[in-house]
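Just passing along the structure, written as structure tokens.
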Protein chains: 2
Amino acid sequence: MADVLREVTDTDLDAIEIGAAILGTGGGGNPYIGKLRCREELKKGRRIPVIPLSELADNALVVSLGGMGAPVVGVEKIEQGEECLRALKAIEKETGRRVDALISAEIGGANSMEPMLTAAQAGLPVVDGDGMGRAFPEMQMTTWSIYGHRAVPAAMADEKGNIVVIRDTPTDHWLEHIARAAVVPMGAACGLATAPMSGAFVKRVAIPNTITQALNLGRAVLHAHRAHLDPIRTVIEQENGRLLMTAKIVDLERHLKGGFAVGHLTLEGFGDFAGESGHIDLQNEFLVFRRGGVVEACVPDLIVVLDSDTGLPITTEMLRYGQRIAVLGLPCHDLLRSPEALEIVGPAAFGYPDITYEPMPAAGGRAA
Amino acid sequence: MADVLREVTDTDLDAIEIGAAILGTGGGGNPYIGKLRCREELKKGRRIPVIPLSELADNALVVSLGGMGAPVVGVEKIEQGEECLRALKAIEKETGRRVDALISAEIGGANSMEPMLTAAQAGLPVVDGDGMGRAFPEMQMTTWSIYGHRAVPAAMADEKGNIVVIRDTPTDHWLEHIARAAVVPMGAACGLATAPMSGAFVKRVAIPNTITQALNLGRAVLHAHRAHLDPIRTVIEQENGRLLMTAKIVDLERHLKGGFAVGHLTLEGFGDFAGESGHIDLQNEFLVFRRGGVVEACVPDLIVVLDSDTGLPITTEMLRYGQRIAVLGLPCHDLLRSPEALEIVGPAAFGYPDITYEPMPAAGGRAA
């Protein structure tokens, strides 16, 4: 597993699916369909070459892409499969330049698979890294935007032949607003590719090696299953995280607000956490974990909810009253912890101006 | 007034405003702000040259443009004034071609003024004609679309610097859907320019001479005011129309549906029409007029509501209980009466599959 990843093969896809879903922290969409589409491409003899971030040429032209859905949870349309490819071609036409490599905007969830699928279709390599290191709900929440790349011109394409180029916007926030509105008549799902970046920039700001990370994380979980090891412990060790609580969901409020799944969970601890109460706020992703009313973990650190028996991730729309879960905190990458990053992806950006982000201490076990 | 119009000057603007508002058949937005902006441009020494349709070169490149608002009646934002100019420039960039002349998508209402404003700003002439000969609520309802021109690539621009190019769509209906969604985050108003057309095509399908028509209509109304003539009679004679009813509004239902003003009026005749009842259905524009329950006029013919005293047009959002109005029927241009046109702008397209369009008989007075 210490080998440098040079290519994604069929046997890797199941593991990446699991790892990406864990890194989705409850959101990011389901990578399952994308996995099947990647598998189809590989069966046709196409390949998914991977470029390690460190080997990316400074002058390489890299496009970040992914699927964008209207934020209506549970009404996900299955993509025709070439939406991102069409968006990529629209970007090449718009800029008059040939793209050298693709990178995921978001490793967490469905968009782990999209650039790999497009890479196979387009005969391009995919860079081992992404723009979030997890899932976030909006497009300006990438390290590309945070560290100064302007995402326009960006191109949206759907399966019906609609192609929309958002050529100029005052900020990437505007791109998010306009694309979010335009995707609705496009059947609520499209592929979206943003303005090409230089290899030098991507090397500097990408969350590094996240395909490898998802792959290794998924492999570890699968190995734990086969070897009858504790998958929860496996995830924690693999990601240098912490077990925040094992608990039963005793209350669940979830509704749609502005198209996003918004709500919170109330938890009653069991095992080592018997007698404790917990609380998780969610907005598509899990945002804030409180123990006895006190914040213990929050964005941009990853709050992950796993089935306490299987260790498999539970997305926000799959939460149910009475579920027994393990809540994990995984430290985010330092690129998400800078002042400029926290302005875009810190708690205040999600409506928690009173929560001061404190980097989660990386530790295998429970904090003292 | 028989002279060929070669240029729009300051003194023409008030008349065009009135004429365009009458041709708006209750919708199309208010041309007042556009008129003031045109006046500002003329004061700066800029000009609004007009090309008669018959003199347009076959190989001239003509762009149809206008303002597009989110369909929320009464929440019209005042444009910054260069939205359409920016959209025009985006089209020139997208196609790599220099545009020779502009034409209004819609002479009725506010979009009578937009191409004249852009013409003054861009130093281009405006063609004497338009794509509707009246106002319609949606973009595919132009003679350009009806007679086979594809409106993509189309460009939208707002005052904040957002530029969206809708590069490809399967039909112009899709363009309408996507643009209508994208305009909402753009502050609910933008300038929209569509794919260039050849002069030869425009000569064949434009509703001809509609700037001149609006100008002469407005002049006639202004003259009637000065000369204490009957302005209602003046409009009827000028447009070869019919007086359908003079009446009081005795019931008014109007609500927003899909963003459009939808509703109906119940009328109680007075004067020559005493004892008669009338009914008008509206969807932004006035669509159907019934007398005693029987359809007497419907789209695409123009149903115009004027103040019965002043002869000035009343838009759908200015309707009030108790108003005394004159309802006029004006024949639309034959280009809107073909089978292919009726499919897009006939009664069935507005949700009246049971109404068969019968061309309104052109007559000065009341039908026998």
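Any value given below was found using the heavy atoms of this structure, including those in side chains, with hydrogens, waters and symmetry copies removed.
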note = The reported gap from CD1 in B:Ile103 to CG in B:Leu124 (rounded to nearest 0.5 angstrom) is 13.5 Å
inquiry  = Are B:Leu342 and B:Pro300 packed together at the side-chain level, in the sense that at least one heavy-atom pair is separated by less than 4.5 angstrom?
reply    =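 SC-SC contact between B:Leu342 and B:Pro300 confirmed.
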All donor-acceptor atom pairs under 3.5 Å, backbone and side chain, chain B-chain A:
unit_1	atom_1	unit_2	atom_2	d
B:Ala90	O	A:Arg167	NH1	3.2
B:Glu94	OE1	A:Arg167	NH2	2.7
B:Ile163	N	A:Asp168	O	2.7
B:Ile163	O	A:Arg167	N	2.7
B:Ile163	O	A:Asp168	N	3.2
B:Val165	N	A:Val165	O	2.6
B:Val165	O	A:Val165	N	2.6
B:Arg167	N	A:Ile163	O	2.7
B:Arg167	NH1	A:Ala90	O	3.2
B:Arg167	NH2	A:Glu94	OE1	2.7
B:Asp168	N	A:Ile163	O	3.2
B:Asp168	O	A:Ile163	N	2.7

remark   = One option among B:Leu175, B:Val164, B:Val152 has the most heavy-atom pairs under 4.5 Å with chain A, and it is B:Val164
query = Among all residues two or more places apart in sequence or in another chain, which pass the side chain to side chain contact (heavy atoms under 4.5 Å, CB included) test with B:Ala181?
reply = A:Pro185
message = Please find the pair of heavy atoms, one from B:Cys84 and one from B:Gly191, that lie closest to each other, and give the distance.
response =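 Of all heavy-atom pairs spanning B:Cys84 and B:Gly191, the closest is SG-CA, 3.8 Å.
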ask   = When rounded to the nearest 0.5 angstrom, what is the spacing between CE in B:Met156 and CE in B:Met186?
value =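 B:Met156 atom CE to B:Met186 atom CE measures 5.0 Å (nearest 0.5 Å).
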request  = Could you tell me the separation between the CD1 atom of B:Ile91 and the CG atom of B:Leu65, rounded to the nearest 0.5 Å?
outcome  =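 With rounding to 0.5 Å, CD1 (B:Ile91) is 9.5 Å from CG (B:Leu65).
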Nearest non-hydrogen partners of A:Ala341 and A:Ile146, listed with the distance =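 What the structure gives for the nearest pair is CA-CG2, 3.6 Å.
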task = Give the member of A:Ala157, A:Ala154, A:Gly161 that has the highest number of heavy-atom pairs under 4.5 Å with chain B.
result = A:Gly161
inquiry  = Less than 4.5 Å to any heavy atom of chain A: does that hold for the side chain of B:Ala90, its backbone, both, or neither?
reply    =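 Both parts, backbone and side chain.
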